[in-house]
Amino acid sequence: MGNTNQLGGRVQEIFNSVAALLWPVLFLIALLMFRGPVGRVIRSAERREFTLNVGGQEISMKQLSEQQDDMIADLQAQLSRLTRELESVRGRSSASFA
């Protein structure tokens, strides 16, 4: 019985070693098989022209990017306006002390 347990342990150890070495090989094979679609996804992501469907909701990354650009432009405009107002207030307060 002792030899059976040792044999079973060694078989399990061999199986685990093969599995540990095999998954990267399988991943590379899958990557090579799907290199065309993977490349298109990466190029599309660079242009932000892809759509995600999650839980029945659809979001376009291009649309999201455009909304983000609009918000940034609005924040920049507000910051510029506030800076001009602050400079105006500082100018008036230094003129009243002169």
Side-chain angles (χ1 to χ4, degrees):
M1 280 278 177
N3 287 340
T4 305
N5 286 339
Q6 284 181 340
L7 182 62
R10 287 184 188 233
V11 169
Q12 183 67 31
E13 186 177 318
I14 291 170
F15 181 75
N16 289 337
S17 297
V18 169
L21 294 173
L22 194 57
W23 79 262
V25 173
L26 292 175
F27 177 76
L28 287 175
I29 290 170
L31 191 59
L32 289 173
M33 288 175 59
F34 296 105
R35 69 178 172 262
V38 169
R40 284 193 298 275
V41 167
I42 291 171
R43 285 189 299 277
S44 173
E46 288 173 350
R47 294 187 308 262
R48 295 182 181 184
E49 294 178 4
F50 63 96
T51 302
L52 295 175
N53 292 312
V54 179
Q57 299 295 318
E58 185 175 293
I59 184 165
S60 164
M61 293 308 288
K62 183 177 180 181
Q63 187 178 26
L64 185 63
S65 178
E66 289 171 353
Q67 289 175 355
Q68 184 180 16
D69 291 344
D70 290 344
M71 289 183 353
I72 290 171
D74 182 52
L75 286 171
Q76 288 173 335
Q78 288 180 31
L79 181 61
S80 178
R81 189 187 84 240
L82 288 171
T83 302
R84 284 192 307 271
E85 287 179 15
L86 182 60
E87 289 172 354
S88 173
V89 168
R90 283 184 181 167
R92 278 187 263 151
S93 64
S94 63
S96 64
F97 289 116

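Quantities reported herein were computed from a predicted structural model and do not represent experimental measurements.
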List, one per line, each side-chain donor-acceptor pair under 3.5 Å for residues 70-78, sequence neighbours excluded.
| unit_1 | atom_1 | unit_2 | atom_2 | d |
| --- | --- | --- | --- | --- |
| Asp74 | OD2 | Gln78 | NE2 | 2.8 |

Side-chain donor-acceptor pair under 3.5 Å between Arg84 and Ser80, yes or no? yes

Grouping I, L, V, M, F, W and Y whenever their side-chain heavy atoms are under 4.5 Å apart, do [X] and [Y] come out in a common cluster?
{"X": "Phe27", "Y": "Leu32", "value": "no"}
{"X": "Val38", "Y": "Ile29", "value": "yes"}
{"X": "Val89", "Y": "Leu79", "value": "no"}
{"X": "Leu21", "Y": "Val25", "value": "no"}

d(Met33 CE, Leu28 CG) to nearest 0.5 Å is 13.0 Å

Would you compute the distance between atom CZ of Arg10 and atom CD of Glu13 and round it to the nearest 0.5 angstrom? 7.5 Å

Quick one: closest heavy-atom pair of Trp23 and Ala20, and the distance? CD1-O, 3.3 Å

If the condition is side-chain contact (heavy atoms from CB on, under 4.5 Å), which residues does Glu58 pass it with, not counting sequence neighbours? Thr51, Asn53

For Gln67, all residues meeting side-chain contact (heavy atoms from CB on, under 4.5 Å), sequence neighbours excluded: Gln63, Leu64

For Glu85, all residues meeting salt bridge (Lys or Arg N to Asp or Glu O under 4.0 Å), sequence neighbours excluded: Arg81

Salt bridge (Lys or Arg N to Asp or Glu O under 4.0 Å): pairs with one or both residues in residues 19-35, sequence neighbours excluded: none

Using a side-chain heavy atom cutoff under 4.5 Å and only I, L, V, M, F, W and Y, what cluster partners does Ile14 have? Val18

